[in-house]
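One structure is given below, encoded as structure tokens.
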Amino acid sequence: MKELEERIRKEGTVKPGNVLKVDAFLNHQCDVALFDQMGQAWAEHFAGKQIDKILTIEASGIGIACCAARHFNNVPVVFAKKAQSINLDGDQYSTSIYSFTKQREFPVIVAKKFLNPGERVLIIDDFLANGKALRGLLDICQHAEVEVVGIGIAIEKGFQGGGDDLRAEGYDVDSLAIVESMDPESGTIVFR
Ligand code: 5GP
């Protein structure tokens, strides 16, 4: 998506450790007109597929998922919550995700009542790097016995490989901007 690539070029900054900072429009300050265009782009990609629910993860996924839902018949958006600890009381699905940016493992949960077996789910998230966050969401989907129709990502860092692994496994991953390389010294960002 050209507009997203342009915004990344103009306002994104490359930090050491392969971190792309886009807090001017995506992760801290939110450009909802851009989010709306992103939702439109995913709706075009997944047109004709039945989608009952959108699943994302807090916090940065929520805004984009809610804007996207407007383009998918206002389906409910469920977000996985980062929990302090996993409460094994049986009314929630839980998994553990290794955070790329925080460099630690943390538990996430989704209440069972919000994912029903057989539902068709579109997963949406802001970034795809190594794919750990998505693996956690896919794990929850598997336990919930829902069908993953596709995965919509705002920014994929293609050089970290998570997206290509998922595509090789047959998942329909639609990333709106794929960064092929980025250089913290010069700030140069190359898109696929
Ligand atoms: P993964 O689990 O695919 O390795 O990383 C995806 C998650 O880590 C995303 O949900 C996002 O929160 C965070 N993340 C990964 N890379 C970046 C990055 O370059 N910039 C920002 N802002 N977040 C990132």
Side-chain angles (χ1 to χ4, degrees), residues 1 4-31 34-35 38-39 42 54-68 77-83 93-110 121-142 148 150-192:
M1 187 181 139
L4 182 59
E5 290 184 3
E6 272 165 29
R7 293 296 291 275
I8 296 168
R9 263 210 191 91
K10 264 197 220 139
E11 294 170 56
T13 50
V14 183
K15 300 282 171 195
N18 283 334
V19 173
L20 176 61
K21 209 165 173 211
V22 284
D23 56 359
F25 58 92
L26 190 72
N27 292 136
H28 192 163
Q29 176 167 260
C30 300
D31 182 334
L34 181 70
F35 287 13
M38 288 161 46
W42 286 316
I54 292 176
L55 175 66
T56 187
I57 180 164
E58 70 176 350
S60 304
I62 300 174
I64 54 177
C66 288
C67 289
V77 173
V78 178
F79 63 92
K81 290 186 168 204
K82 294 174 180 165
Y93 299 110
S94 58
T95 193
S96 173
I97 291 180
Y98 181 82
S99 164
F100 176 81
T101 42
K102 303 206 167 59
Q103 306 228 325
R104 66 177 173 84
E105 195 93 18
F106 58 91
V108 299
I109 58 108
V110 172
V121 169
L122 172 66
I123 297 179
I124 282 187
D125 203 6
D126 59 340
F127 269 92
L128 167 55
N130 298 307
K132 304 277 194 220
L134 283 179
R135 295 285 173 193
L137 294 179
L138 289 169
D139 186 44
I140 284 177
C141 287
Q142 196 188 347
V148 177
I151 299 171
I153 297 292
I155 306 173
E156 175 179 339
K157 290 183 293 174
F159 57 90
Q160 288 182 269
D164 289 334
D165 290 347
L166 289 162
R167 289 184 188 96
E169 289 169 34
Y171 289 103
D172 182 1
V173 182
D174 184 34
S175 298
L176 303 180
I178 304 184
V179 176
E180 203 55 314
S181 66
M182 53 189 210
D183 180 7
E185 307 253 297
S186 63
T188 310
I189 299 170
V190 177
F191 293 98
R192 187 181 286 183

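Only a predicted model underlies this, so the values are computations on that prediction, with no experimental measurement involved. Indexing begins at 1, ligand by ligand and atom by atom, following the structure's order.
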Quick one: does ligand 1 sit under 4.0 Å from the side chain of [X], the backbone, both or neither, non-hydrogen atoms only?
{"X": "N18", "result": "backbone"}
{"X": "D126", "result": "side chain"}
{"X": "V22", "result": "neither"}

Any atom of ligand 1 sitting under 4.0 Å from a heavy atom of [X]?
{"X": "L26", "value": "no"}
{"X": "K157", "value": "yes"}
{"X": "S60", "value": "no"}

Considering only protein heavy atoms, which is closest to [atom], and at what distance to one decimal place?
{"atom": "atom 10 (O) of ligand 1", "value": "D125 OD2, 3.0 Å"}
{"atom": "atom 5 (O) of ligand 1", "value": "A129 CB, 3.6 Å"}
{"atom": "atom 4 (O) of ligand 1", "value": "N130 N, 2.8 Å"}
{"atom": "atom 6 (C) of ligand 1", "value": "F127 O, 3.6 Å"}
{"atom": "atom 8 (O) of ligand 1", "value": "F100 CB, 3.8 Å"}

Does an N or O from [X], backbone or side chain, lie closer than 3.5 Å to an N or O of ligand 1?
{"X": "Y98", "result": "no"}
{"X": "G131", "result": "yes"}
{"X": "I57", "result": "no"}
{"X": "T101", "result": "no"}

* Heavy-atom distance under 4.5 Å between the side chains of L134 and I153, does that happen here? ->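 The answer is yes, as the side chains (C-beta and beyond) meet within the 4.5 Å cut-off.
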* Asked: Can you tell me if NZ on K81 sees more than 12 non-hydrogen neighbours from other groups inside 6.0 Å?
  ->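 Counting other residues, nucleotides and ligands, NZ of K81 stays at 12 neighbours or fewer.
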* Within a radius of less than 6.0 Å around CD of E58, do more than 12 heavy atoms belonging to other residues, nucleotides or ligands occur? ->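 Yes - once you tally the heavy atoms of other residues, nucleotides and ligands closer than 6.0 Å, there are more than 12.
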* Kindly determine whether Q160 and F127 satisfy side-chain contact (heavy atoms from CB on, under 4.5 Å), including the steps that lead there. => CA-CA 11 Å; Q160 288 182 269; F127 269 92; over 6 Å; no
How far apart are the closest heavy atoms of [X] and [Y], and which atoms are they?
{"X": "S99", "Y": "F106", "result": "CB-CE2, 3.2 Å"}
{"X": "L4", "Y": "M38", "result": "CD1-SD, 4.4 Å"}
{"X": "I109", "Y": "S94", "result": "CG2-CB, 3.7 Å"}
{"X": "A177", "Y": "I8", "result": "CB-CD1, 3.7 Å"}
{"X": "D31", "Y": "R7", "result": "OD2-NH1, 2.7 Å"}
{"X": "D165", "Y": "R135", "result": "CB-NH2, 3.9 Å"}

* **Charged N-O contact under 4.0 Å between R192 and D164** =>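 Between D164 and R192 there is a salt bridge, with a charged N closer than 4.0 Å to a carboxylate O.
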Which atoms of ligand 1 are found less than 4.0 Å from any heavy atom of [X]?
{"X": "A133", "result": "2 (O)"}
{"X": "N27", "result": "22 (N)"}
{"X": "L20", "result": "18 (C), 19 (O), 20 (N), 21 (C), 22 (N)"}

